[in-house]
Amino acid sequence: MSMYDANDLVELKKRKKRKRRIIQLIVFLLFAGLAAAAYLTQETWLPELRGIGKQYTTIVNDGRLAEGNFPIEINGGVGYQIGSSDSDVIVLSDAYIYFYSEEGGLIKRRQHAYTNAVMKTVNNRVLIYESGGDSFSIEDKNGIIYTKNLDKNIMFVRISEEGYAAVVTTSENYECEIKVYDRRGEIIYERKCVERVNDISFTGGSTGCIISYISAENGSLVTSVQEAVFTESSEKWTSPHLDTLGLEVYSFSGGAFVLGIDACGYVDNKGQISSFYRYDGDFAGGSSSGGKSAVIVNSDDRRKYVMALFDGGSVEPMIVNFDTRLIDVIVDNGLAYIMTQNAILAYDFTGALRSTATVNDSYTGFVRNDNYVFLKSFSKIDRINYES
């Protein structure tokens, strides 16, 4: 049997006490480290945590058509275009551009001189150009900010949230040329392209853009995308070919979304294809914002009508089925708004129905603005209140 004197017992107690203090200190430092890490990364996990247990009630809007200044009658009928800018509704007809308030009151009307006019709206600016012509203008409701007359034919023009304009024109020695203008109409970037450009999307802050190219491979049309920075002469990256004829490209912080005629896909911010989805039916429309995308597909033969929702790249789509043809779709503020033959519906990107409104089957498209939906038909524009 071991024998301990008094000094040994005192020393043994001191060692045990020191050991407990060391363990307590280690535990404290561990929790402090975890707390610091959680604080520094709260932007990534806090929004999801807030959503746990949250139950959304589907809002049923009455779909009642606004009266007073509505409906807005459009002279000329077929071919007019509608857009929104801040709280205004903008209409482009074959001869005029109209600025209306949300209440349907006419603010301004100006005549334009474009034969095949195309309009794009963003924030408080409006882009108008003549497809196949040689001029474009940037405007707002107060007047024309600037006009550019070019020495080559315009294929298309895009405008950024900051008011920059990217113009793609024909070229004598290349497939096409790109010119980018700042808010004042000064050229800040030029590029000559050996492949046909079919779309351009500005990156954040209008410091660069995503360029979508179409080319042929093994007898099929394919699409590749490229990121360009306006202060650099060479591209940042170029993606492999996506096996589809691209219609539009949308940039976001994680890369780009390519909307094609028979398929769509994501490219990450290193230029690699992160997901690809082929439609099971006829393409009817698509939209993307902030990396969230929605595509609608109709198959009348099989009476199958589908919306595919993509909550960013490298994820499988959420499929929502319908029993009627799909007309139009817009992604806005984290929701996908879809028009069917008899309703406007809003879905989140988990596939949950967030709001509804009944409409008739005479509408061909719509614009979402603030708490309203503006409905486009052959020769008039209606408005309904829409809470989502």
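- A cation-pi arrangement, defined by a distance under 6.0 Å to the six-membered ring centre and an angle within 45 degrees of its axis, is absent between Lys120 and Phe156.
- Not a single donor-acceptor pair under 3.5 Å links the side chain of Lys108 to the backbone N or O of Phe99.
- Exactly one residue among Asn298, Asp280, Asn321 makes a side-chain hydrogen bond (donor to acceptor under 3.5 Å, both in side chains) with Lys304. That residue is Asp280.
- Clustering ILVMFWY residues whenever any of their side-chain heavy atoms sit less than 4.5 angstrom apart, transitively, puts Val91 in a cluster other than the one holding Tyr114.
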* Asked: Which is it for Asp268 and Lys270 under the salt bridge (Lys or Arg N to Asp or Glu O under 4.0 Å) test, yes or no, and what are the steps along the way?
  -> CA-CA 5 Å; Asp268 65 24; Lys270 295 181 180 179; over 6 Å; no
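- By the 6.0 Å contact criterion, CG on Asn123 is enclosed, its count of non-hydrogen atoms from other residues, nucleotides or ligands being greater than 12.
- A cation-pi contact links Lys292 to Phe349, judged by a cut-off of 6.0 Å to the six-membered ring centre and 45° from its axis.
- Outside the 6.0 Å centre-distance limit, the rings of Phe322 and Tyr305 are not counted as a close aromatic pair.
- Judged by distance alone, the side chains of Tyr363 and Asp328 never bring a donor and an acceptor atom under 3.5 Å apart.
- Using cut-offs of 30° and 60° for the angle between ring planes, the Tyr164 and Phe202 rings count as perpendicular.
- Under the rule for a side-chain hydrogen bond (donor to acceptor under 3.5 Å, both in side chains), the partners of Glu177 that lie at least two apart in sequence or sit in another chain are Ser171.
- Between atom CD1 of residue Ile330 and atom CZ of residue Arg368 there is a gap of 9.5 Å, rounded to the nearest 0.5 Å.
- Ring orientation note: the planes of Phe283 and Tyr279 are close to parallel, at an angle under 30° on the 30°/60° scale.
- The side chain to side chain contact (heavy atoms under 4.5 Å, CB included) with Met307 is formed by just one residue from the set Thr340, Ile338, Leu345; it is Ile338.
- Contact of the Ile261 side chain with the Leu221 side chain is not registered, since no non-hydrogen atoms from C-beta on lie closer than 4.5 Å.
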* Report the C-alpha separation of Ser288 and Ser293 in whole Å, then their side-chain angles, then the decisive distance to 0.1 Å, and conclude whether the side-chain hydrogen bond (donor to acceptor under 3.5 Å, both in side chains) test is met. => CA-CA 4 Å; Ser288 184; Ser293 308; 2.7 Å; yes
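- Here the closest non-hydrogen pair linking Tyr213 and Gln226 is OH-OE1, 2.9 Å.
- Residues Ser355 and Ser388 bring no donor and acceptor atom of their side chains to less than 3.5 Å of each other.
- Counted within 6.0 Å of CG on Asn333, heavy atoms from surrounding residues, nucleotides or ligands total 12 or fewer; the atom is thus considered open.
- Look at Arg191 and Glu235 and you find a salt bridge, because one of the NZ, NE, NH1 or NH2 atoms lies within 4.0 Å of a carboxylate O, short of that distance.
- In this structure, the ring of Phe136 has its center less than 6.0 angstrom from the ring center of Tyr181.
- Remark: Glu172 does not engage Lys152 in a salt bridge, criterion side-chain N to carboxylate O under 4.0 Å.
- Using a 4.5 Å heavy-atom threshold, the side chains of Val329 and Val295 count as separate.
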